[in-house]
Protein chains: 2
Amino acid sequence: MGGDFGSYSAQLRKGVIQMLVLQVLSTEPLYGYAIVKRLEELGEFVAGEGTVYPVLRRLEVDGLLVSEWQQPADGNARKYYSVTVAGAAFLARSLEEWKRIDSAVRSLEGE
Amino acid sequence: MGGDFGSYSAQLRKGVIQMLVLQVLSTEPLYGYAIVKRLEELGEFVAGEGTVYPVLRRLEVDGLLVSEWQQPADGNARKYYSVTVAGAAFLARSLEEWKRIDSAVRSLEGE
DNA sequence: CTAGGTACCTCGTATTGTATAGTACCCTAC
DNA sequence: GTAGGGTACTATACAATACGAGGTACCTAG
């Protein structure tokens, strides 16, 4: 490592991407490509396709998301994802855990 | 996974432990065992010896910490760790990154 | 017909958290 | 004097994830 902050930043994001994807989808169902674009707009928080698509698959396998193919009049077929009841519960627990960790981090600041 | 929140929680902590260790040490030099105890008191944020010692080693290899053996009058030898200049800079960048991610997480909440 | 945007998927690699087990020292109590 | 518990560090093996890079296919604009 040394000056390579990028690889550390990746570690800091572990698990967060899943939470963000669930959060984005809890507002409205979206398809993978749109989620990637959405996350890109979300501050400097970037998560490419190579990150998002595997996450979507895992979340679906775990029963936290369900997917549905839709064919628009023109353009490529889109796979829309929606949050399940289990997914919503999981998101709530994740946010609690996140805040707990955050309070631990901030409690040490400027000590 | 499924109901196994523990393994997810572990992912959410990736990278955070390093940041917390650096934060704790930026106040005063401490030895490994004391750091473990300190983190245990820090809310419900638990990181056992099996987690902390490898982290200390990695941080030292990366030049973010330096260690020094000290032999107390009674008891076991203790390895004290201090934050280097590079470590302090690294900690600062980590905190920035942490806050950036946190703002992304919170900005989506209750949308 | 070529370029570029849309939309999806997969593979390989590197990094890290954690349990488990092992070593060794000291002190107290019985 | 010895059994137990607390202190203190180390090594090994495993599972999970982020990300880049590469691949397929469709549509529109010039």
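Protein chains get the first letters and strands the later ones, always in sequence-line order, with residue 1 at the start of each. Since the model is a prediction, treat every value here as computed from it, not as a measurement.
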Which residues share a side chain to side chain contact (heavy atoms under 4.5 Å, CB included) with [X], sequence neighbours left out:
{"X": "B:Val61", "answer": "B:Arg57"}
{"X": "B:Thr84", "answer": "B:Val66, B:Ala86"}
{"X": "A:Ala92", "answer": "none"}
{"X": "A:Val36", "answer": "A:Glu40, A:Glu49, A:Val52"}

Sugar-phosphate, base or nothing in reach of A:Val36, heavy atoms under 4.0 Å: nothing
Sugar-phosphate only, base, or nothing, as touched by B:Ala77 at under 4.0 Å among non-hydrogen atoms: sugar-phosphate
As a test of reading the structure: which of [options] is closest to the side chain of [X], going by heavy atoms?
{"X": "A:Tyr81", "options": "C:dT18, D:dT28, C:dC9", "value": "C:dC9"}
{"X": "B:Val55", "options": "C:dG17, D:dA18, D:dA8", "value": "C:dG17"}
{"X": "A:Trp69", "options": "C:dC9, D:dA11, C:dG17", "value": "C:dC9"}

Compare side-chain N and O positions of [X] against OP1 and OP2 of [N] and report whether any pair is under 4.0 Å apart.
{"X": "B:Thr51", "N": "C:dG17", "answer": "no"}
{"X": "A:Arg13", "N": "D:dA18", "answer": "no"}
{"X": "A:Arg57", "N": "C:dT10", "answer": "yes"}

Identify each atom pair where a protein N or O and an N or O of nucleotides 23-26 of chain D are less than 3.5 Å apart, giving names and distance.
| unit_1 | atom_1 | unit_2 | atom_2 | d |
| --- | --- | --- | --- | --- |
| D:dC26 | O4' | A:Asn76 | OD1 | 3.2 |

Non-hydrogen side-chain atoms of A:Tyr81 and A:Val24 separated by less than 4.5 Å: no
Could you state the atom-to-atom distance from [atom1] of [X] to [atom2] of [N] in whole Å?
{"X": "B:Leu20", "N": "C:dT16", "atom1": "CG", "atom2": "C1'", "value": "15 Å"}
{"X": "A:Leu59", "N": "D:dA18", "atom1": "CG", "atom2": "C1'", "value": "14 Å"}
{"X": "A:Ile35", "N": "C:dC9", "atom1": "CD1", "atom2": "C1'", "value": "15 Å"}
{"X": "B:Gln71", "N": "D:dT7", "atom1": "CD", "atom2": "P", "value": "17 Å"}
{"X": "B:Gln11", "N": "C:dT16", "atom1": "CD", "atom2": "C1'", "value": "8 Å"}
{"X": "A:Lys14", "N": "D:dC19", "atom1": "NZ", "atom2": "P", "value": "8 Å"}
{"X": "B:Lys79", "N": "C:dC25", "atom1": "NZ", "atom2": "C1'", "value": "17 Å"}
{"X": "B:Tyr53", "N": "C:dT20", "atom1": "OH", "atom2": "C1'", "value": "15 Å"}

Value rounded to 0.5 Å, distance of CG in B:Leu59 from CG in B:Leu91: 10.5 Å
Separation between OG of B:Ser107 and CG of A:Leu42, rounded to the nearest 0.5 Å: 4.5 Å
Residue whose nearest DNA chain C nucleotide is more 5′ - A:Pro72 or A:Pro54: A:Pro72
Set of ring pair (Phe, Tyr, Trp, His ring centres under 6.0 Å) partners for A:Tyr31, sequence neighbours left out: A:Tyr80
5' precedence on DNA chain D between B:Tyr31 and B:Arg58 (nearest-nucleotide basis): B:Tyr31
